[in-house]
S.K.: 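First the structure, which I've put down as structure tokens, then a few questions once you've had a look.
Note that the structure is a prediction, hence the values are computed from the model and not measured. Below, read A as the first sequence line, B as the second, and so on, with proteins coming before strands; counting in each chain starts at 1.
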Amino acid sequence: MSVADDSPVNSSSSDDFASFLDTELDSTSDTSPEPEEEANETYHSDGNRTKRQKIEVLESVTDANDSTPQHETTKTLEASMKDICTHPGVIGGMCIKCGEKMDNQSGVAFGYIHKDLRLANDEIVRLRDRDLKNLFNQKKLCLVLDLDHTLLNSTRFMDVTQEEGYLMNQSDPMQDVLRGTLFKLDSMRMLTKLRPFVHTFLKEASKLFEMYIYTMGERAYALEMATLLDPGKIYFDSRVIAQSDCTQRHQKGLDVVLGQESAVLILDDTEAVWVKHKGNLILMERYHFFASSCKQFGYRCKSLSELKNDESEDDGALATVLQVLKRIHSMFFDPVLGTVRSEILKGCKIVFSRVFPTKFQAENHHLWKMAERLGATCATEVDPSVTHVISTDIGTEKSRWAVDQKKFLVEPRWLEAANYLWQRQPEELFPVNEIKNNR
Amino acid sequence: MFFHIVLERNMQLHPRHFGRDLREKLVSKLMKDVEGTCSGRHGFVVAITGIENVGKGLIRDGTGFVTFPVKYQCVVFRPFKGEILEAVVTMVNKMGFFAEAGPVQIFVSNHVSFRLLKFHLLLIPDDMEFQSGDMPNYTTSDGSVKIQKDSEVRLKIIGTRVDATEIFCIGTIKDDFLGVISDPGTTS
């Protein structure tokens, strides 16, 4: 049966075939039909009835008393496909849902997805809703990134000053330092310098965000920059929005971003273009590498390129903002759980002794991270503010210090117990075993 | 659908080509000019299969160029509404996916939720979710069927727009025996 109600019997040829089969089967109905034929018969006569039903429905919509539930579904399916298509969007002059020719130019243009694509508002809302669920399942937010002065800095060949001349010279020793971040784009007659840390930034941010590029530059420029930043096309895919996609002149808007506004963060160096979405904006310090860029914004000082200097890789603007983004991300997805958990060991200061293997980066150990998640602070050296020493051995220097200073000396299981039981455990239950001392 | 038809074209030839191999020159120029082009009326010219006849040349005043009316047989490809095509997925996004069947680009919206049918299998659940990431795709909840870049799908054309230079179609895979027919990993 399910076969019958799922197959749309609307093509005339199959209908002809059905009636042909009907007559054939009628003529042979006195002989006992085989099971297979029986199935065929029900299938086709069913389809035929559906067809008749449909005509009736067209003639008088109210007369639907004798319709069985499966006819009902077929009918609604067909109706939703043909009769009441809401025309959610138009691509190349055709409705994306039913393929009907459409002439009106309503809706918002999404030229960056396909050149002739326009979507109606309802469809945008639907896509955003669906997208939001999807993103939250992956624990991701949306991140809209500006190009110029945020992720990179570009200058035209003609604006390169004499002091920057070394940038054009392929054999200059500085070229080795700049390799991989400085690009000479002969086709556009431009020099582009990526901001230090940008590759790490994109890699880290892509784990937490779905990223868009949104620039006031031209489309060709934006795509070129996107390939520099993302040669593998894994970060941005087709989400590169350029000036021509904006719906308002000199304004950037989230209306062309298929992400729910409440889950979008914007990273840009110009506040003025985001009038409608100031709440989502994280303002970036401008990155001026080239002299022309400094001049454009009225700085009289020497540019980074002229000084043969650059922003710091490790604590430059991008590294700093990445930390902020990570904090926002964790607060967004873990607000309640995070605060409850961080209350458990609030006020404890923990020093570990003979817990981590030597030469192991203490901050990366899972116990250290666990303690921090539970709200404790961790330290590597003892001092008067320390409240707990976690140790596997009573004989270590720190363990003895704890006994002397009447601090709590507990074994690592104390931390694990607190983690599982969501409560600070009585320290007396987790003494460091003395037998270990004797071994 | 493919058609084998006879078309006519006026070819202009520079006088330097006049000689014993005039006809060959004419044919090679015709192939270069015509193959791969698209006309709104006939669709894409896939290949020229033969020359019916070359008419009498006419010298154009003032230039010395000669115009020959050439009748040629060729294979053309034109998609029609209701036609079933096999296509390769080129891009997957939130709204659906784009696929190509030769020179024709087809968009399939996810608005009618995809029902995926692996060939010869009937009724696989229609809960397709978009998965973003470095390889965006649509996957069923049980993970058995996946549409991603380079997947091969069988689809039905529900709308065509024919321009002077390109043909664009809207398709659907929501019908019996439509859907993914092979994944990019498997070589067939």
S.K.: Are there more than 12 heavy atoms of other residues, nucleotides or ligands under 6.0 Å from atom NZ of A:K203?
M.R.: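 No - once you tally the heavy atoms of other residues, nucleotides and ligands closer than 6.0 Å, there are 12 at most.
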
S.K.: Is A:N137 close to chain B through its backbone or its side chain, or both, or neither, when contacts mean heavy atoms under 4.5 Å?
M.R.: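 Looking at A:N137, nothing touches chain B.
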
S.K.: Return the orientation label for the B:F98 and B:F168 ring planes: parallel under 30°, perpendicular over 60°, tilted otherwise.
M.R.: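 Ring orientation of B:F98 relative to B:F168: tilted.
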
S.K.: Under 4.5 Å from any heavy atom of chain B, what part of A:I113 do you find: side chain, backbone, both or neither?
M.R.: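 Contact with chain B is through both the backbone and side chain of A:I113.
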
S.K.: Of the backbone (N, CA, C, O) and the side chain (C-beta and beyond), which part of B:F107 lies under 4.5 Å from a heavy atom of chain A, both, or neither?
M.R.: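 For B:F107, the contact with chain A is made by the side chain alone.
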
S.K.: Please tell me if the side chains of B:R23 and B:I51 come closer than 4.5 Å, counting only heavy atoms from C-beta onward.
M.R.: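 In contact.
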
S.K.: Inspect the surroundings of CG in B:N10 and state if more than 12 heavy atoms from other residues, nucleotides or ligands are less than 6.0 Å away.
M.R.: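 Counting other residues, nucleotides and ligands, CG of B:N10 exceeds 12 neighbours.
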
S.K.: Side chain from CB out, backbone as N, CA, C, O: work out which of these in B:M135 comes under 4.5 Å of a heavy atom of chain A, or both, or neither.
M.R.: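 Neither part.
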
S.K.: What part of A:L127 lies closer than 4.5 angstrom to a heavy atom of chain B: side chain, backbone, both or neither?
M.R.: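 For A:L127, side-chain heavy atoms alone lie under 4.5 Å from chain B.
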
S.K.: Do the rings of B:H14 and B:H17 sit parallel, tilted or perpendicular, given the 30° and 60° boundaries?
M.R.: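 Ring orientation, 0 to 90° scale: perpendicular.
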
S.K.: Side chain, backbone, both or neither: which part of A:K101 has a heavy atom under 4.5 Å from chain B?
M.R.: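 Side chain of A:K101 only, per the 4.5 Å heavy-atom cut-off to chain B.
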
